[in-house]
A.B. asks: 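Before we start, here is the structure in question, set down as structure tokens.
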Amino acid sequence: MSQFKSEFLNIMVERGFYNQCTNESAFDDYLYECEKSGKPAVGYLGSDPTGDSLHVGHIVPLMMMRWFQKCGHKPLTLVGGATARIGDPSGKDKLRPFLDEDTLKHNIEGLKKSFSKFLKFGNSANDAVMVDNWDWFKDINYLAFLRDIGTYYSVNRMLTMDSVKSRLDREQPMSFLEFNYMLLQGYDFCELYQKYGCRAQIAGSDQWGNITSGTELGRRKYDVELFGFTSPIITDSNGKKMGKSEGNAVWINEDKLPSYDYYQYFRNIGDAEVGKCLRIYTDLPIDEIRRLEALRDQEINEAKKILAFEATKICRGEEEAKAAQETAIATFEKGLAGGDLPCLEKVSVEGLSMLDAFVELGFIASKGEGRRLVKQAGLKINDKVISDENYKFSSADLIDGQIKLSQGKKKHGLIKIA
RNA sequence: GGAGGGGUGGCAGAGCGGUCAAAUGCAACGGACUGUAAAUCCGUCGACUUCGGUCUACGAAAGUUCAAAUCUUUCCCCCUCCA
């Protein structure tokens, strides 16, 4: 009844992770053999440290790797210390600014943290391993590289690759530096094959060109079939990429985004996305997901709560997920002030300007914006709309030693007496 | 090296001496309707403000002018074509 022999591929299809594979049946055979023999298949996921945390948009391949590991296989997570110094031209119009050494180092630490939330690292057979391509690129000799690797690449072929072609079609400049990116990523794949016996690369579909660069190099240089496997780009109902909230990225790392906000991102997902998101962002069994996504109208909110909780649990841990959920329930369903809301601590609130407090909480960028919101009835104190833009707090506003501040319907925060 | 085109708000993109805090679109934000959804409608969208205004902004600096995003000069950056 299942489409594939291997557990991994079946899960990928069932949960909507499968977009494209370099050789579906051979990959299936390979995985199946590994699953049967108990000897893990090795696959890798690469990410360039151009930022200090991954965000929700990166979760898709991360979850693929998570399932890969759950099926008994070994994930390698590659941080592109070297490739980040080049810049992946895929989907870009411009050369990226160069990052200095300190930033790269900082970013690599951030990525490791992000990876470790989704994968188990360690020394067992199928534990994940972190690698950095800087290790093998830093001492490489240019001439040796050209002779060893360059001979296998045809410029004619490279020019047909989407990442290059689209740039040329749009008459955007592409530097020779960026043009080399796919060679590096191809080399990575082969290096991991040599070192770890890695035969698979898993990534988003925008990486297809870079992946086939690796599989082709593997075939030509080592006479081995390497596999590439990609996910579709996950978009919301408006066709926009997932992962932005209020124009800001939804970060994986907790130092970049509070768990409550992470939870709220999933809680506020559109109805049409619930099923898709449950499959992709949670570990819930597929039967349970089918039941939840069938819910309609009011009831689908239950599914969204489960989605938000489960997604937060994977990324931030069960404790954080619970706290976020409790805060959300208290705030939205009971109209109380939940404990996990953003909070200002004050010795006294007497005479404190309301606008200053909102600015300090980060809800508004300026007092001017606050004044506008007051005119539009967008600011509330203890759930009462404030119409005086110069409102000053007094101890009469305190309820149980705190004041609840709200901006719009969704942003809530507290002032507490320290 | 030569010739030409260009750098404007989060992005795209008008404006080309005053009426410009800068059209329009997208994004974003608030309100209404709902379900913390979508769609729709209305409104807002540089900062400060005692709501009269004040200040800072159209790559950077200098200049012309009563007045400059708009003209001049120099510089920086980007693109196209030629060598």
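Here is how names work: the chains are called A, B, and so on, in the same order as the sequence lines, proteins then strands, and each is numbered from 1. Worth knowing before you read on, the calculation uses all heavy atoms, side chains too, and leaves out hydrogens, waters and symmetry mates.
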A.B. asks: Considering just the side-chain nitrogens and oxygens of A:Ser366, establish if one lies under 4.0 Å of OP1 or OP2 belonging to B:G46.
C.D. replies: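 For A:Ser366, the contact criterion (side-chain N or O under 4.0 Å from OP1 or OP2 of B:G46) is not met.
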A.B. asks: Can you say whether a donor on the side chain of A:Glu333 sits under 3.5 Å from an acceptor on the base of B:U36, or the other way round?
C.D. replies: no
A.B. asks: What is the distance, to the nearest angstrom, from the NZ atom on A:Lys380 to the P atom on B:G30?
C.D. replies: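 Checked: the NZ to P distance equals 11 Å.
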A.B. asks: CE of A:Met63 to OH of A:Tyr281: how many Å apart, nearest 0.5 Å?
C.D. replies: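 Rounded to the nearest 0.5 Å, the CE-OH separation comes to 10.0 Å.
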A.B. asks: Name the stems that RNA chain B belongs to, where each is three or more consecutive Watson-Crick or G-U pairs with both distances under 3.5 Å?
C.D. replies: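 So the stems come out as B:1-7 with B:76-82, B:10-12 with B:24-26, B:28-32 with B:40-44, B:46-48 with B:53-55, B:59-63 with B:71-75.
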A.B. asks: Which sits closer to the 5' end of RNA chain B, A:Ile329 or A:Asn390, going by the nucleotide each is nearest to?
C.D. replies: A:Ile329
A.B. asks: Whole angstrom is fine here: how far is it from CD in A:Glu299 over to P in B:U36?
C.D. replies: 15 Å
A.B. asks: Specify whether A:Phe176 and A:Phe179 have parallel, tilted or perpendicular ring planes, treating 30° as the upper limit for parallel and 60° as the lower limit for perpendicular.
C.D. replies: tilted
A.B. asks: Taking the chi torsion of B:G52, is it syn (within 90° of 0) or anti (everything else)?
C.D. replies: syn
A.B. asks: Nearest whole Å is fine: how far is B:G35 C1' from A:Phe332 CZ?
C.D. replies: 12 Å
A.B. asks: Show the nearest heavy-atom pair for residues A:Lys5 and A:Asp28, with the distance to one decimal.
C.D. replies: N-OD2, 2.9 Å
A.B. asks: Figure out the CD1/P separation between A:Ile386 and B:G30, and round it to whole Å.
C.D. replies: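 In whole Å, B:G30 P lies 17 Å from A:Ile386 CD1.
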A.B. asks: Nearest to the A:Gln407 side chain among B:G43, B:C29, B:C51, which nucleotide is it?
C.D. replies: B:C29
A.B. asks: For B:G35 and A:Gln298 - does any side-chain N or O of the residue sit under 4.0 Å from the phosphate oxygens OP1/OP2?
C.D. replies: yes
A.B. asks: Mind telling me whether A:His412 and A:Phe332 have parallel, tilted or perpendicular rings, with 30° and 60° as the class edges?
C.D. replies: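 Perpendicular, since the angle between the ring planes exceeds 60°.
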A.B. asks: For the ring pair A:Phe266 and A:Tyr262, is the centre-to-centre distance below 6.0 Å?
C.D. replies: yes
A.B. asks: Which comes earlier along RNA chain B counting from the 5' end, the contact point of A:Gly368 or that of A:Asn268, where each point is its nearest nucleotide?
C.D. replies: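 Result: A:Asn268.
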A.B. asks: Measure the distance from CG on A:Leu355 to C1' on B:A47 and round it to the nearest whole Å.
C.D. replies: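 Roughly 14 Å, once rounded to whole Å.
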A.B. asks: Measuring only the P atom in each nucleotide, how far is B:A61 from B:A27? A whole number of Å is fine.
C.D. replies: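 Comparing P positions in B:A61 and B:A27 gives a spacing of 34 Å.
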A.B. asks: Name the nucleic acid region contacted by A:Ile364, choosing base, sugar-phosphate or nothing; use a 4.0 angstrom heavy-atom cut-off, strictly under.
C.D. replies: nothing
A.B. asks: Measure from NZ on A:Lys367 to C1' on B:A47 and round the result to the nearest Å.
C.D. replies: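 In whole Å, B:A47 C1' lies 11 Å from A:Lys367 NZ.
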A.B. asks: How far, in whole Å, is B:C33 from B:U24 if one measures between their C1' atoms?
C.D. replies: 29 Å
A.B. asks: Which nucleotide in the set B:C51, B:C33, B:G35 lies at the smallest distance from any side-chain heavy atom of A:Lys304?
C.D. replies: B:G35
A.B. asks: If you measure from the C1' atom in B:C45 to the same atom in B:U50, how many Å do you get, rounded?
C.D. replies: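 Going atom to atom, C1' in each nucleotide, I get 25 Å.
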A.B. asks: When you get a sec, tell me which of B:U44, B:A32, B:C51 is the closest nucleotide to the side chain of A:Gln376?
C.D. replies: B:U44
A.B. asks: Identify which nucleotide among B:G30, B:C45, B:G35 has an atom closest to any side-chain atom of A:Asn301, counting heavy atoms from C-beta outward.
C.D. replies: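 Of all the options, the side chain of A:Asn301 is nearest to B:G35.
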A.B. asks: Once you measure the plane-to-plane angle for A:Phe227 and A:Phe27, does it fall in the parallel (<30°), tilted (30-60°) or perpendicular (>60°) bin?
C.D. replies: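 Judged by the thresholds at 30° and 60°, the geometry between A:Phe227 and A:Phe27 is tilted.
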A.B. asks: Before giving the answer on side chain to side chain contact (heavy atoms under 4.5 Å, CB included), spell out for A:Gln201 and A:Leu78 the whole-Å C-alpha distance, their side-chain angles and the decisive distance to 0.1 Å.
C.D. replies: CA-CA 10 Å; A:Gln201 179 173 180; A:Leu78 177 139; over 6 Å; no
A.B. asks: What integer number of Å spans the P atoms of B:A67 and B:C55?
C.D. replies: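 Per the computed distance, 15 Å lies between those P atoms.
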A.B. asks: Counting heavy atoms from C-beta on, name the nucleotide in B:G31, B:G35, B:G30 closest to the side chain of A:Leu373.
C.D. replies: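 The answer is B:G30.
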A.B. asks: Using a cut-off of 4.0 Å on non-hydrogen atoms, how would the nucleic acid contact of A:Lys375 be classed: base, sugar-phosphate, or nothing?
C.D. replies: nothing
A.B. asks: Say we look at B:G18 and B:G25: how far apart would their C1' atoms be, to the nearest angstrom?
C.D. replies: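 Taking atom C1' in both B:G18 and B:G25, they lie 28 Å apart.
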A.B. asks: Measure up the A:Phe8 and A:Phe229 rings against each other and bin them: parallel (under 30°), tilted (30 to 60°), perpendicular (over 60°).
C.D. replies: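 Aromatic pair A:Phe8/A:Phe229 classed tilted.
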A.B. asks: Of the listed nucleotides (B:G31, B:G35, B:U44), which one gets closest to any side-chain atom of A:Arg372?
C.D. replies: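 Among B:G31, B:G35, B:U44, the one nearest the side chain of A:Arg372 is B:U44.
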A.B. asks: For A:Glu35 versus A:Glu7, what's the shortest heavy-atom pair and its separation?
C.D. replies: OE1-N, 2.8 Å
A.B. asks: Would you say A:Ser213 and A:Tyr153 are linked by a side-chain donor-acceptor pair, where the criterion is simply a distance under 3.5 Å?
C.D. replies: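 A donor-acceptor contact under 3.5 Å links the two side chains.
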A.B. asks: At less than 4.0 Å, is any side-chain N or O atom of A:Lys305 found next to OP1 or OP2 of B:G35? Yes or no.
C.D. replies: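 False: A:Lys305 side-chain N/O out of range (4.0 Å or more) of B:G35 OP1/OP2.
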A.B. asks: By the 4.0 Å heavy-atom rule, please label A:Glu302 as base, sugar-phosphate, or nothing.
C.D. replies: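 Nothing, no nucleic acid heavy atom in range.
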A.B. asks: When the C1' atoms of B:G1 and B:A12 are compared, how many Å lie between them, rounded to an integer?
C.D. replies: 35 Å
A.B. asks: Could you tell me how far B:U56 sits from B:A3 if I compare only their C1' atoms? Round to whole Å.
C.D. replies: 38 Å
A.B. asks: Rounding to an integer number of angstrom, what distance separates B:G7 and B:C11 when you compare their P atoms?
C.D. replies: 14 Å
A.B. asks: Let me know the distance between CD of A:Glu369 and P of B:G31, rounded to the nearest Å.
C.D. replies: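 Answer to the nearest Å: 12 Å.
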